[in-house]
Amino acid sequence: MELAGPPAAPVPLAELAGRPLSTWRYAEALGVPEKLWRSATLGEGLTPLLPAAEQVSVKVEYASPTLSFKDRGAVVLLCAALAAGARRVIADSSGNAGTAVTA
């Protein structure tokens with residue numbers, strides 16, 4: 001599946017600041033129709049970054065819907081497949097990617 005298309009128009013920073021903290025904050029750059037991603041999202045993306053030690057922070061990925069960073073890629077992949085006309089997908093994973101695609 002090829003997802004090439006015209007580049008997204010720039011979005012003013014002030015507009016981004018008012019958007020939800022999710023993967024879809026940058027929807028224009030992902031090239032997925034809003035109707036599709038709004039029906040598929042579970043709120044994945046932009047998990048907290050917390051201080052752990054001096055000059056060290058940790059990304060709290062267990063705040064994702066399936067407890068994995070794979071949620072971001074899975075929802076974008078599935079929405080892009082739907083936008084391209086796919087009626088079925090196959091996920092060859094028994095780990096976090098499989099869980100994210102299934103969600």
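Values reported hereafter were calculated over all heavy atoms of this structure, with side chains retained and with hydrogens, waters and symmetry mates removed.
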- Message: Once side chain to side chain donor-acceptor pair (under 3.5 Å) is applied, do any residues pair with Thr23, and if so which ones, sequence neighbours excluded?
- Response: none
- Taking only residues two or more places apart in sequence or in another chain, which ones pass side chain to side chain donor-acceptor pair (under 3.5 Å) with Glu15? Arg19
- Task: Could you list the residues that satisfy salt bridge (charged side-chain N to carboxylate O under 4.0 Å, His left out) with Arg38, not counting sequence neighbours?
- Result: Glu34
- So which residues get pulled into Leu21's cluster when ILVMFWY side chains under 4.5 Å apart are joined, directly or through others? Leu46
- Query: Restricting to pairs with a member in residues 76-102, which pass salt bridge (charged side-chain N to carboxylate O under 4.0 Å, His left out), not counting sequence neighbours?
  - Reply: none
- Note on the structure: Residue pairs passing the ring-ring contact (aromatic ring centres under 6.0 Å, His included) test with at least one member in residues 11-52, sequence neighbours excluded, are Trp24-Trp37
- Can you tell if the side chain of Glu44 reaches within under 4.5 Å of the side chain of Ser64, non-hydrogen atoms only? no
- Message: Is it the case that over 12 heavy atoms from other parts of the model lie below 6.0 angstrom from the CG atom of Leu16?
- Response: yes
- Query: Under the 4.5 Å side-chain heavy-atom rule for ILVMFWY, direct or indirect, which residues accompany Leu49?
  - Reply: none
- From Leu30 CG over to Leu36 CG, what is the distance, rounded to the nearest 0.5 angstrom? 12.5 Å
- Would you name the heavy atoms of Val32 and Ala80 that are closest together and state the gap between them? CG2-N, 4.1 Å
- Message: Taking ring-ring contact (aromatic ring centres under 6.0 Å, His included) as the cut-off, I'd like each qualifying pair that reaches into residues 56-103, sequence neighbours left out, listed once.
- Response: none
- For Ala86, what residues pass the side-chain contact (heavy atoms from CB on, under 4.5 Å) criterion, not counting sequence neighbours? Ala81
- Query: Taking all atoms of both residues into account, what is the closest heavy-atom pair of Pro65 and Gly43, and its distance?
  - Reply: CG-C, 4.4 Å
- Would you please name every residue forming a salt bridge (charged side-chain N to carboxylate O under 4.0 Å, His left out) with Arg72, sequence neighbours left out? Glu61
If you look only at distance, which donor and acceptor atoms sit under 3.5 Å apart when one is on a side chain in residues 95-103 and the other is two or more places apart or in another chain?
from, atom 1, to, atom 2, distance (Å)
Thr99, OG1, Gly95, O, 3.3
Thr102, OG1, Gly98, O, 2.7

- What about Val60 and Leu67, same hydrophobic cluster or not, with Ile/Leu/Val/Met/Phe/Trp/Tyr joined at side-chain heavy-atom distances under 4.5 Å? yes
- Task: Could you pull out all residues at least two apart from Pro20 that satisfy side-chain contact (heavy atoms from CB on, under 4.5 Å)?
- Result: none
